[in-house]
Chemist: 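Let me begin by handing over the structure; questions about it come next.
Numbering starts at 1 and runs along the sequence shown.
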Amino acid sequence: MPLSKMPGWVILPVTLPAFTITGMWIVYAMALSNNHICPVSNWVYNHTCEALEDGTCCTMDHIPLVSKCGNLPPESCFFSLICSMGSFMVMLIGLLRYAYVIDRYGPSLLNTVAFILGWICAAGLTMVGSFQVDHAKVLHYIGAGICFPTSMLFIVLQSLLTYRMAHAPWQCWTGHVRCTLTLFGLIILVLSGVFFIQEGFILQHLAALCEWTFIINILIFYGTFSFEFGAISTDTFLVLLKASRAPKSYKAGTSTPATPHAHSTSENMAMI
């Protein structure tokens, strides 16, 4: 029997993209105002800045990659803060989503793997924000190498879970939306990787645009969890607390075949 509803959790999946996207664009604006990067609308780059007299400088070091936007102070401080807050919300959303699936569907390997991937992604995001690319390049790229693939795998598994749990028409439409975001994210991630390993200015700039697009796409996907989070109740948290102790108890229609054993025990005791 369901306990009290907790519809306030619907705000969390909406807060993550709203807070993170806004914060990332603030970091971008700060880096742009300090001439640490060039605008995303710029497509003309120079090998050096010695001949420029208007104060602008667009070289390979000024391509507006997300990492470059949060590379130098003061914007690097806000970049670290946003990544840390974002990783915490990613972990919390992943935990609630994991509990919600167990509560409504039962134990699932896909759900467990998705939960683990979500937390690994959060760890990678923390590394990205803590180690700037020009000061700790290896650690920064390790964090990015963890964060981007695991976030992609996370939304793939969540799309599959959405279809598996779908019964009502709105749930099917939610699955369609998530599948579209997943396919789009996969294409953008592949293009971003292909462009990033190239040396041309234009291709590097395209890699930056793909990187921004992929991040926004992932955050929008997280925002779609608000469709289900409105149904979270205290039962969801009770399921989460009991999941590690007796996961089989959540399967509907299960019963404990303890009666025959009890009769056998009683007969044995009577015989003794």
Chemist: Quick one: does Asn217's side chain have a donor or acceptor within less than 3.5 Å of a partner on Leu181's backbone?
Modeler: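 Such a contact is found between Asn217 side chain and Leu181 backbone.
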Chemist: Quick check against the 3.5 Å criterion: does Glu211 have a side-chain atom that pairs as donor or acceptor with the backbone of Ala207?
Modeler: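 Checked: no pair found.
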Chemist: Have Gln158 and Arg97 got a donor and an acceptor in their side chains that come within less than 3.5 Å?
Modeler: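 Yes.
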Chemist: Side-chain contact test, heavy atoms from C-beta onward, threshold under 4.5 Å: evaluate it for Tyr28 versus Trp212 and give yes or no.
Modeler: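 Side chain of Tyr28 against side chain of Trp212, heavy atoms only: contact under 4.5 Å found.
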Chemist: Is the backbone N or O of Phe195 less than 3.5 Å from a side-chain atom of Gln198, with the two atoms forming a donor-acceptor pair by type?
Modeler: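 It does not hold such a pair.
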Chemist: Just say parallel, tilted or perpendicular for the rings of His205 and Tyr45, cut-offs at 30° and 60°.
Modeler: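 Ring orientation, 0 to 90° scale: tilted.
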Chemist: Testing the 3.5 Å rule here: is there a donor-acceptor pair between the side chains of Thr174 and Thr162?
Modeler: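 No.
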Chemist: Given Tyr98, which partner from the list Phe237, Trp119, Phe115 fulfils the ring-ring contact (aromatic ring centres under 6.0 Å, His included) test?
Modeler: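 Going through Phe237, Trp119, Phe115 one by one, the ring-ring contact (aromatic ring centres under 6.0 Å, His included) with Tyr98 is satisfied by Phe115 alone.
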Chemist: Please check: side-chain N/O of Tyr141 versus main-chain N/O of Val133, any donor-acceptor pairing under 3.5 Å?
Modeler: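 Absent.
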Chemist: Assess the residue pair Cys38 and Cys58 against the criterion (disulfide bond (SG atoms under 2.5 Å apart)); give the C-alpha distance rounded to whole Å, side-chain angles, the decisive distance to 0.1 Å, and a yes or no.
Modeler: CA-CA 6 Å; Cys38 286; Cys58 291; 2.0 Å; yes
Chemist: What is the minimum heavy-atom distance between Ile155 and Thr182, and which atoms define it?
Modeler: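 Between these two residues, the closest heavy atoms are O-OG1, 3.5 Å.
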Chemist: If we ignore hydrogens and angles and just use 3.5 Å, is the side chain of Tyr163 paired with the main-chain N or O of Gly175 as donor and acceptor?
Modeler: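 Yes; at least one donor-acceptor contact below 3.5 Å.
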Chemist: Kindly give the heavy-atom pair with the smallest separation between Leu191 and Cys210, and that separation in Å.
Modeler: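 Closest pair (atom of Leu191, atom of Cys210, distance): CB-SG, 4.1 Å.
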Chemist: Taking Val44's backbone N and O only, do any of them form a donor-acceptor pair with Asn42's side chain (distance below 3.5 Å, no angle check)?
Modeler: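 Yes: the side chain of Asn42 pairs with the backbone of Val44.
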Chemist: Taking Gly223's backbone N and O only, do any of them form a donor-acceptor pair with Ser226's side chain (distance below 3.5 Å, no angle check)?
Modeler: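 Flag set: sc Ser226 to bb Gly223 pair under 3.5 Å.
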Chemist: Looking at Phe78, I want to see if its CZ is surrounded by more than 12 non-hydrogen atoms of other residues, nucleotides or ligands under 6.0 Å.
Modeler: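 Count not over threshold, so no.
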Chemist: Could you tell me whether the side chain of Gln204 and the main chain of Phe196 form a donor-acceptor pair under 3.5 Å?
Modeler: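 Confirmed, Gln204 side chain pairs with Phe196 backbone.
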Chemist: Say whether, by atom type as modelled, one donor and one acceptor occur between the side chain of Ser130 and the main chain of Met127 under 3.5 angstrom.
Modeler: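 Judged by distance alone, no pair lies under 3.5 Å.
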Chemist: Would you check if there is a donor-acceptor pair between the side chains of Gln132 and His140 at a distance under 3.5 Å?
Modeler: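 Gln132 and His140 do not have a side-chain donor-acceptor pair below 3.5 Å.
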Chemist: Is the distance from the ring center of Phe229 to that of Tyr100 below 6.0 Å?
Modeler: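 No, they do not, as the ring centres are separated by 6.0 Å or more.
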Chemist: When you measure from the side chain of Ser87 to the backbone N and O of Cys83, does any donor-acceptor pair fall under 3.5 Å?
Modeler: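 Flag set: sc Ser87 to bb Cys83 pair under 3.5 Å.
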Chemist: Under a 4.5 Å cut-off applied to non-hydrogen side-chain atoms, are His135 and Asn71 in contact?
Modeler: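 The answer is yes; the side chains approach within 4.5 Å.
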Chemist: A quick test of your reading: do over 12 heavy atoms of other residues, nucleotides or ligands sit less than 6.0 Å from CH2 of Trp43?
Modeler: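 Yes, enclosed.
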Chemist: Where do Phe79 and Gly129 come nearest, in terms of heavy atoms and distance?
Modeler: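 Looking at all heavy atoms of both residues, the closest pair is CE2-CA, 3.9 Å.
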